[in-house]
Amino acid sequence: MKPNIAIIGAGLAGLTLARELSADAHITLYEKARGLGGRMSTRRNDTHQWDHGAQFFTARSKAFQTLLAPLISSGTVVEWQPNITTLSPDQAPYKRPWFEPHYVAAPGMNSLLKALGQDLDIHLSTRVEQVVAHNGGWQLFDDNGQLLGEFDWVVSSAPLPQTQELLPARLLGDTLARYQMLPCYALLLTINDADLPHFDAAKVNNSPLRWISFNHRLPGRNINAGTVVAHSSDEWAAAHLEDDQETVKQLLIEHFCALTRVNPAAITSTQLHRWRYALSADVPDPDCEFVLNAPAKLAACGDWCLGGRVEAAFTSAQQLAKALRTEL
Ligand SMILES: Cc1cc2nc3c(=O)[nH]c(=O)nc-3n(C[C@H](O)[C@H](O)[C@H](O)COP(=O)(O)OP(=O)(O)OC[C@H]3O[C@@H](n4cnc5c(N)ncnc54)[C@H](O)[C@@H]3O)c2cc1C
């Protein structure tokens, strides 16, 4: 009989793992958000949309290129060739060339996950709150204390600090204590395209901001609905993580306007998103691609072990799937 596997989190890592193992096991995915995206989310209202997490991705491994090939053919993934600049409060802007292909999903970054999630058993708006040992397997409970199901195996693909809250530390091993995830603020604005500078995106130095993108100019977006995504640096976000959020937003808007010379009066709406676990700090153990405790039937994967990028999430899950297949 095929084993039952619960996967916590339906970001790129969780979906990759589910797809890789779907012939070998019954897979159930639990995702606390209302929709698919994770840190590749797209936020929408009636007129505008913002990719407020991952901005682009690279595909360096053959395996990731193979996954992307049909999605590139269908237009779900598109190479992004932006006019990109470098901004700093104390230096003149200069153009920043890219030397390898960079991709985005269209019409929103979460389109990649929507495509990968088709035909999988995904329970959205379901936060796994507790994982309890039971009869040689595991029971999962939601945040209302309701039993979600009984499983032979549990894999967490949640960001590491959330995985550490859910799975028993003694079963995950000591290595994880050395890993760290860093926060980031995302400032989301609407501004008419005509009021924005000519570049598409900017890497920012010597500022609380680290990245600015005129999100509507990405391939497959509505060019008339001008949207800006500006990300803070992780250092600045860490120093201001618990500050009043309105103050944080106003400060970041001031920096954005000073850097881009956009008139504050041109901004027609503002939002702030706080990512507590956005990116990974340095990778302490380059050989650790996932965590697997076969006797306990527990595992964890995600971008955090390989450097906190989209392709890292894919690789971690794919390598865990390979290892798990020999244990099922
Ligand atoms: C601001 C920002 C900018 C970034 N920029 C880039 C970039 O330009 N290029 C790049 O390559 N990468 C970038 N990244 C990183 C990239 O987004 C991640 O590496 C990748 O999306 C991680 O995928 P994942 O599946 O490992 O994790 P996630 O996408 O975080 O997926 C984990 C999922 O688990 C869910 N979850 C957590 N806890 C529970 C629970 N208890 N129960 C149920 N579900 C749960 C979460 O809701 C989430 O959907 C950026 C990230 C951020 C936040």
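Both ligands and their constituent atoms are indexed starting at 1 by order of listing.
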So, is Lys32 polar-close to ligand 1, with some N/O to N/O distance under 3.5 Å?
yes

Below 30° counts as parallel, above 60° as perpendicular, anything between as tilted: where do the rings of His216 and Phe214 land?
tilted

With respect to Ala13, determine whether any N or O atom, backbone or side chain, lies less than 3.5 Å from an N or O atom of ligand 1.
yes

Backbone or side-chain N or O of Val128 under 3.5 Å from ligand 1 N or O:
yes

Run the numbers for me: atoms of ligand 1, each under 4.0 Å from some heavy atom of Pro159, listed by number.
30 (O), 32 (C)

Should we say atom CG of Asp119 is surrounded by more than 12 heavy atoms from elsewhere, each under 6.0 Å from it?
no

Quick one: look up the protein heavy atom nearest atom 23 (O) of ligand 1 and list residue, atom name and how far away it is.
Ala313 CB, 3.4 Å

Considering heavy atoms of the protein only, find what lies nearest to atom 13 (C) of ligand 1 and give residue, atom and distance to 0.1 Å.
Ala54 CB, 3.6 Å

Measuring centre to centre across the rings, with the benzene-like ring taken for any Trp, is His134 within less than 6.0 Å of Trp138?
no

Numbering the atoms of ligand 1 from 1, which are under 4.0 Å from a heavy atom of Ala158?
34 (O), 37 (C), 38 (N)

Does Arg39 reach ligand 1 with a nitrogen or oxygen that is under 3.5 Å from one of the ligand's nitrogen or oxygen atoms?
yes

Please check whether Gln55 reaches ligand 1 - meaning an N/O of the residue sits under 3.5 Å from an N/O of the ligand, judged on distance alone.
yes

So is Leu279 polar-close to ligand 1, meaning N/O to N/O under 3.5 Å?
no

In ligand 1, the atoms that come under 4.0 Å of a heavy atom of Ile8 are 40 (C), 42 (N), 43 (C)

Cut-off 3.5 Å, side chains only: do Thr270 and Lys249 have a donor facing an acceptor?
yes

Relative to atom 49 (O) of ligand 1, which among Glu129, Met109, Gln130, Glu31 owns the nearest non-hydrogen atom?
Glu31

The closest protein heavy-atom partner of atom 16 (C) of ligand 1 is Val310 CG2, 3.9 Å

Short N/O distance, under 3.5 Å, between Leu12 and ligand 1?
yes

Heavy-atom contact check, 4.0 Å cutoff: does Gly308 meet ligand 1?
yes

So is Leu36 touching ligand 1 or not, going by heavy atoms under 4.0 Å?
no

Interfacing atoms of ligand 1 (cut-off 4.0 Å, heavy-atom, Gly38):
29 (O), 48 (C), 49 (O)

Select the closest option to atom 26 (O) of ligand 1 among Leu112, Asp303, Leu306, judged by heavy-atom distance.
Asp303

Shortest protein heavy-atom distance from atom 31 (O) of ligand 1, along with the residue and atom involved
Gly11 CA, 3.5 Å

Ligand 1 atoms in contact with Gly302 (distance to a heavy atom under 4.0 Å)
26 (O)

Do Thr42 and Asp51 have side-chain N/O donor and acceptor atoms under 3.5 Å apart?
yes

Short N-O contact, Glu165 and Arg127, less than 4.0 angstrom
no

Are any of the side-chain nitrogens in Glu20 or Arg325 under 4.0 Å away from the carboxylate oxygens of its partner?
yes

Which heavy atom of the protein is the closest neighbour of atom 21 (O) of ligand 1, given with residue, atom name and distance?
Met40 CG, 3.4 Å

Taking the side chain as every heavy atom from C-beta outward, state whether Gln162 and Lys32 have any pair of such atoms under 4.5 Å apart.
yes

Whether the Glu31 and Thr126 side chains hold a donor-acceptor pair (N or O, under 3.5 Å, no angle test) is what I'd like checked.
no

I need the contact type for Tyr30 against ligand 1. Using non-hydrogen atoms and a strict under-4.0 Å cut-off, is it side chain, backbone, both or neither?
backbone

Polar side chain donor-acceptor pair, Glu254 to Gln250, under 3.5 angstrom
no

Nearest-neighbour protein heavy atom for atom 32 (C) of ligand 1, which is reported as residue plus atom name and distance:
Ser157 O, 3.4 Å

Which residue and non-hydrogen atom of the protein lie closest to atom 34 (O) of ligand 1, and at what distance in Å?
Gly9 CA, 3.2 Å

Does a side chain donor of either Arg43 or Gln271 reach within less than 3.5 Å of an acceptor in the other side chain?
yes

Assess the side chains of Thr76 and Ser111: does a donor N or O sit below 3.5 Å from an acceptor N or O?
no

Under 4.0 Å between a Lys/Arg side-chain N and an Asp/Glu carboxylate O for Arg60 and Glu100?
yes

Please tell me whether Trp50 and His273 form a close aromatic pair, meaning their ring centres lie under 6.0 Å apart.
no

Could you tell me if any non-hydrogen atom of Ala186 lies under 4.0 Å from any atom of ligand 1?
no

Can you sort out which atoms of ligand 1 are near Thr126, meaning under 4.0 Å from one of its heavy atoms?
42 (N), 43 (C)

Looking only at protein heavy atoms, which one is nearest to atom 51 (C) of ligand 1, and how far off is it?
Ala278 O, 3.6 Å

Subset of ligand 1 atoms that lie under 4.0 Å from at least one heavy atom of Cys184
1 (C)

Phe56 N/O under 3.5 Å from ligand 1 N/O:
yes

Has ligand 1 got any nitrogen or oxygen that is less than 3.5 angstrom from a nitrogen or oxygen of His52?
no

Counting neighbours of CG on Asp282 that are heavy atoms of other residues, nucleotides or ligands and sit closer than 6.0 Å, is the number greater than 12?
no

Ring pair (Phe, Tyr, Trp, His ring centres under 6.0 Å) between Phe290 and Trp304: does it pass, once the steps are laid out?
CA-CA 9 Å; Phe290 52 80; Trp304 50 268; 10.0 Å; no

Taking the ring centre of each residue, are Phe57 and Trp80 less than 6.0 Å apart?
no

Numbering as shown, the atoms of ligand 1 that approach Leu166 to under 4.0 Å (heavy-atom distance):
41 (N)

Mutual orientation of the aromatic rings belonging to Phe64 and Phe314 [parallel < 30°, tilted 30-60°, perpendicular > 60°]
tilted

Please determine if His231 has a nitrogen or oxygen closer than 3.5 Å to a nitrogen or oxygen of ligand 1.
no

